[in-house]
There are 2 protein chains.
Amino acid sequence: MKAARKSTEEKLLLAARRLFCRAGIHATGISQILEEAGVARRSLYTHYGSKENLLKAVLHTEASMWFHWFDLDLPSLKCSTKDRILALFDLLENWFEKEDFFGCVFINAVAESEKDSAWVKDVAGAYRDQIIERLRVLVIESGARDPEIVTQKLGLIIEGAIITAMVTQNSQAARIARLAAQDVLRCMECSARESEHSVLSATGISRGSFHASSNGGGNLIIGSEA
Amino acid sequence: MKAARKSTEEKLLLAARRLFCRAGIHATGISQILEEAGVARRSLYTHYGSKENLLKAVLHTEASMWFHWFDLDLPSLKCSTKDRILALFDLLENWFEKEDFFGCVFINAVAESEKDSAWVKDVAGAYRDQIIERLRVLVIESGARDPEIVTQKLGLIIEGAIITAMVTQNSQAARIARLAAQDVLRCMECSARESEHSVLSATGISRGSFHASSNGGGNLIIGSEA
DNA sequence: CGAACAGTAGACTGATCAGTCTACTTTCAT
DNA sequence: ATGAAAGTAGACTGATCAGTCTACTGTTCG
């Protein structure tokens, strides 16, 4: 592929994506982005207007990656739907192996944003819904008896893989996730309806008041009313 | 329980924990913590010396919560080891239901910290190892054939549950995670060794060069060399 | 040619933040 | 009672950050 010379917008987007993920969004200054992108200060503001808008653009490109996987990469595979679902974890492994993988921009952005209100949660949530929807289509196509539950299980495993890969800096998380997904798919049509009774409520621990005692300096009980 | 009057340290710790999780660590100012805690500026610095040390203390209390679960809550249950493992997800559900649950401090802290170097990753990683170790003990006790894989699967599901709960603001993530964990435990002694071959390498998509095309303003290909 | 356009370089502003410092008040054990 | 310890109130400092502004450079195309 004859890679065209990167436009100023592309350079900014790539630098921002990389730095936001590697060092955090709040911790990344405009000047760092400019230096990494090799672009003048004014260019950033003519193209994006603000740091917030730049972040929105970065979130958009991250979503595009996922859509590409679901809409182009996976459909091109000549295999069963179940294998297509499992192939998603191979794509994840590719992603984790990149030297500039530092977690998912969506998750990281939500993690460091205001959880009440804040547009970040809504934007990231909307993209997440679109991704889960594509996953749901695959699950339904695979003939799952309870597609909604299976979809949510797989979505949760994907998010777990991303976090594990970020925290441990090890792409092997994708393989573990793949194996867990295999277990879910294998149990997909098991006869026995899963028992949902809580062991907790049936035995001892009271709900709604758990404790955290610190063993080091200064005792603390979390969750007890004053 | 006759709750003792909260000490200044406790008040600071609780306020910091809450605000760090709800609004992010970088975004939370010292003044906000002081206001939430109802404590004077100077007291924070006599007790903790810096914002960084306060964060370390918060991470410590979060770890204490997990240790309490594994070392006191779960062992007190009169049930099989597998049910004890599943009960962990009931504890998670309790946690997620709290009105001041805004994700896991460990994960959030790593998500917004520098991924190269940075003490945060090491501290959080060390606590994570201790938690996983306790999980491993349970898994071994349950008689898993390959305890290491099962432990990592469950750890990954736990992390997925935390992120899903944070992003969706819905404690139901714990139940989904519980069901996924049940699948893993059910498949624990399955005869067939899990096939690990990558669908990707066997079919079409080349590893190490995936693309993300944006469909909105400005096209962008991520991962292509210049 | 020359005007419009896109980008560079870097000084500047106002706001905010972590951390320090001074002066005052409360609590409580001897 | 009193003196020390612990806490409050809030001004202050130096650094940093997002965003603006002015002046300059190169390129393109009519």
Side-chain angles (χ1 to χ4, degrees), chain A residues 4-59 105 108-109 112-114 118-120 217-220 226, chain B residues 4-59 105 108-109 112-114 118-120 217-220 226:
Chain A
R5 184 139 214 92
K6 283 200 205 93
S7 71
T8 303
E9 276 187 347
E10 276 176 331
K11 285 191 276 188
L12 284 168
L13 216 39
L14 286 170
R17 199 183 102 107
R18 181 175 161 78
L19 290 175
F20 283 165
C21 275
R22 195 181 67 193
I25 297 162
H26 271 99
T28 298
I30 295 288
S31 301
Q32 289 171 258
I33 298 174
L34 298 174
E35 191 180 3
E36 173 105 356
V39 152
R41 199 171 193 79
R42 191 147 208 272
S43 299
L44 189 152
Y45 286 97
T46 57
H47 282 291
Y48 294 103
S50 69
K51 188 182 181 183
E52 185 172 309
N53 282 341
L54 180 56
L55 174 58
K56 281 179 186 166
V58 168
L59 291 174
V105 197
N108 292 3
E112 65 172 299
S113 77
E114 176 65 43
W119 61 272
V120 176
N219 263 22
L220 178 71
Chain B
R5 184 139 214 92
K6 284 202 204 90
S7 73
T8 304
E9 275 186 347
E10 278 175 330
K11 284 191 276 188
L12 284 168
L13 218 40
L14 286 169
R17 197 182 104 106
R18 181 177 162 79
L19 289 174
F20 283 165
C21 276
R22 194 182 66 194
I25 296 162
H26 270 99
T28 297
I30 294 288
S31 301
Q32 289 171 260
I33 297 174
L34 298 174
E35 192 180 2
E36 174 105 357
V39 152
R41 198 170 194 79
R42 194 153 207 271
S43 300
L44 190 152
Y45 286 96
T46 57
H47 282 292
Y48 293 101
S50 69
K51 187 183 181 183
E52 185 172 307
N53 282 340
L54 181 56
L55 173 58
K56 282 178 186 166
V58 168
L59 292 173
V105 196
N108 292 3
E112 67 171 296
S113 77
E114 176 65 42
W119 61 272
V120 176
N219 262 23
L220 177 72

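A note on names: the letters A, B, ... follow the listed sequences, proteins ahead of strands, and every chain is numbered from 1.
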Does any part of the side chain of E9(B), heavy atoms only, come nearer than 4.5 Å to the side chain of Y48(B), both counted from C-beta?
yes
Is the number of heavy atoms from other residues, nucleotides or ligands within 6.0 Å of CD (Q32(A)) greater than 12?
yes
S43(B) vs dT8(D): side-chain N/O to OP1/OP2 distance below 4.0 Å
yes
Whole angstrom value for the distance that separates C1' of dG7(C) from NZ of K6(A)
17 Å
Rounding to 0.5 Å, atoms CG (L34(A)) and CZ (R42(A)) come to a distance of 13.5 Å
Using whole Å, report how far CD of E9(A) lies from P of dC5(C).
17 Å
How many Å lie between CG on L12(A) and P on dA6(C), as a whole number?
15 Å
The test is side-chain contact (heavy atoms from CB on, under 4.5 Å); show your working for H47(A) and V39(A) and say whether it passes.
CA-CA 11 Å; H47(A) 282 291; V39(A) 152; over 6 Å; no
CA sep, side-chain torsions, deciding dist, call: L55(A), W119(A), side-chain contact (heavy atoms from CB on, under 4.5 Å):
CA-CA 11 Å; L55(A) 174 58; W119(A) 61 272; 3.7 Å; yes
How close or far is atom P of dG7(C) from atom CG of L44(A), stated in whole angstroms?
12 Å
Within residues 23-34 of chain B, those residues having any heavy atom closer than 4.0 Å to DNA chain C are T28(B), G29(B), I30(B)
Answer with base, sugar-phosphate or nothing: what part of the nucleic acid does T46(A) contact at a heavy-atom distance below 4.0 Å?
nothing
Pull out every protein N or O sitting under 3.5 Å from an N or O of nucleotides 21-26 of chain D, one pair per line with the distance.
none

Spacing of S50(B) atom OG and K56(B) atom NZ [to the nearest 0.5 Å]:
7.0 Å
Should I33(A) and L12(A) be marked as a side-chain contact (heavy atoms from CB on, under 4.5 Å) after you check the CA-CA gap, both sets of side-chain angles, and the distance that decides it?
CA-CA 7 Å; I33(A) 298 174; L12(A) 284 168; 4.3 Å; yes
Proximal nucleotide (of dA9(D), dG7(C), dT8(C)) relative to the A40(B) side chain:
dA9(D)
Per-helix bend value, the helix from dC1(C)-dG30(D) to dT30(C)-dA1(D), C1' rotation axes over five pairs per end, 10° rounding, shows 10°
Would you compute the distance between atom NE2 of H26(A) and atom NE2 of H26(B) and round it to the nearest 0.5 angstrom?
9.0 Å
Using side-chain heavy atoms (C-beta onward) and a distance below 4.5 Å, is L54(B) in contact with L13(B)?
yes
Would you mind telling me which of dG7(D), dG19(D), dT8(C) lies closest to the side-chain atoms of Y45(A)?
dG19(D)
Under 3.5 Å: donor-acceptor pair, side chain of T28(A), backbone of L19(A)
yes
Could you go step by step and tell me if K51(B) and F20(B) meet the side-chain contact (heavy atoms from CB on, under 4.5 Å) rule?
CA-CA 11 Å; K51(B) 187 183 181 183; F20(B) 283 165; 4.1 Å; yes
Just the rounded figure in Å: distance from C1' of dG19(D) to CG of L54(A).
14 Å
In this structure, how many angstroms lie between the P atom of dG7(D) and the CD atom of E10(B), rounded?
12 Å
